Amino acid sequence: MKDTVKLGAGVRMIAHRGVSGLERENTNAAFVAAGNRSYYGVETDVHRTADGQFIIIHDDTTDRVAGIGCTVEETDFDTLRALRMTDLEGNPRGDLMFPSL
C-alpha cells in the first residue's frame, strides 16, 4: 500500500495514467482506482492504430506492458484489443486490456 500525502486546501491531484502505482497504467482498473479516490482527473495517453482507431497506451510498442512487441501504429485495433497485460507483479490478468475511447 502506498502512503497518502496530505495537501493544502484547493490542491487538485491528477492520477498519472490512472492510479499507476496500484494498477497497470492506462487500464480500466487504473482509471477505476482513480475514481474510487479523491483525484480531480486522470491523465492518459492515446495512440492511433494502423486502421485509424484510437487506443490507450503510453508506449509506441506493447512489449513493456503486454510482453508481446507490437508497434501500435502498425497494428490493427482488434489485434491490440485482444492482447492481455500483466499486473504490476507480472501476473497475467484477463481483465487488463488496452482501453479504447
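Please read all numbers here as calculations on a predicted model, not as lab measurements.
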Can you tell me how far the [atom1] atom of [X] sits from the [atom2] atom of [Y], to the nearest 0.5 Å?
{"X": "Ile57", "Y": "Arg17", "atom1": "CD1", "atom2": "CZ", "answer": "10.0 Å"}
{"X": "Thr62", "Y": "Leu80", "atom1": "OG1", "atom2": "CG", "answer": "6.5 Å"}
{"X": "Asn28", "Y": "Asp95", "atom1": "CG", "atom2": "CG", "answer": "9.0 Å"}
{"X": "His47", "Y": "Thr75", "atom1": "NE2", "atom2": "OG1", "answer": "12.0 Å"}
{"X": "Ile55", "Y": "Glu73", "atom1": "CD1", "atom2": "CD", "answer": "12.0 Å"}
{"X": "Glu74", "Y": "Asp60", "atom1": "CD", "atom2": "CG", "answer": "10.0 Å"}

What's the shortest heavy-atom distance between [X] and [Y], and which atoms?
{"X": "Cys70", "Y": "Leu83", "value": "SG-CD1, 4.2 Å"}
{"X": "Leu88", "Y": "Ser20", "value": "CD1-O, 3.7 Å"}
{"X": "Phe54", "Y": "Phe77", "value": "O-CE1, 3.5 Å"}

Give the cluster check for [X] versus [Y]: same hydrophobic cluster or not, with ILVMFWY residues linked at side-chain heavy-atom distances below 4.5 Å.
{"X": "Val42", "Y": "Val32", "result": "no"}
{"X": "Val46", "Y": "Phe98", "result": "no"}
{"X": "Val11", "Y": "Tyr39", "result": "yes"}

Answer yes or no: is there a side-chain heavy-atom contact under 4.5 Å between [X] and [Y]?
{"X": "Leu22", "Y": "Arg37", "value": "yes"}
{"X": "Phe31", "Y": "Thr44", "value": "yes"}
{"X": "Ile56", "Y": "Leu101", "value": "yes"}

Residue list, salt bridge (charged side-chain N to carboxylate O under 4.0 Å, His left out) with Glu23, at least two apart or on another chain:
Arg93

Pairing residues for Asp78 by the side-chain contact (heavy atoms from CB on, under 4.5 Å) criterion, not counting sequence neighbours:
Asp76

Quick one: list whatever passes side chain to side chain donor-acceptor pair (under 3.5 Å) with Thr86, sequence neighbours left out.
Arg24

Just do the side chain to side chain contact (heavy atoms under 4.5 Å, CB included) check on Tyr40 and Met13 with the steps written out, would you?
CA-CA 6 Å; Tyr40 176 73; Met13 297 289 293; 5.9 Å; no

Apply side chain to side chain contact (heavy atoms under 4.5 Å, CB included) to the pair His16 and His58, showing each step before the final yes or no.
CA-CA 11 Å; His16 185 244; His58 174 74; over 6 Å; no

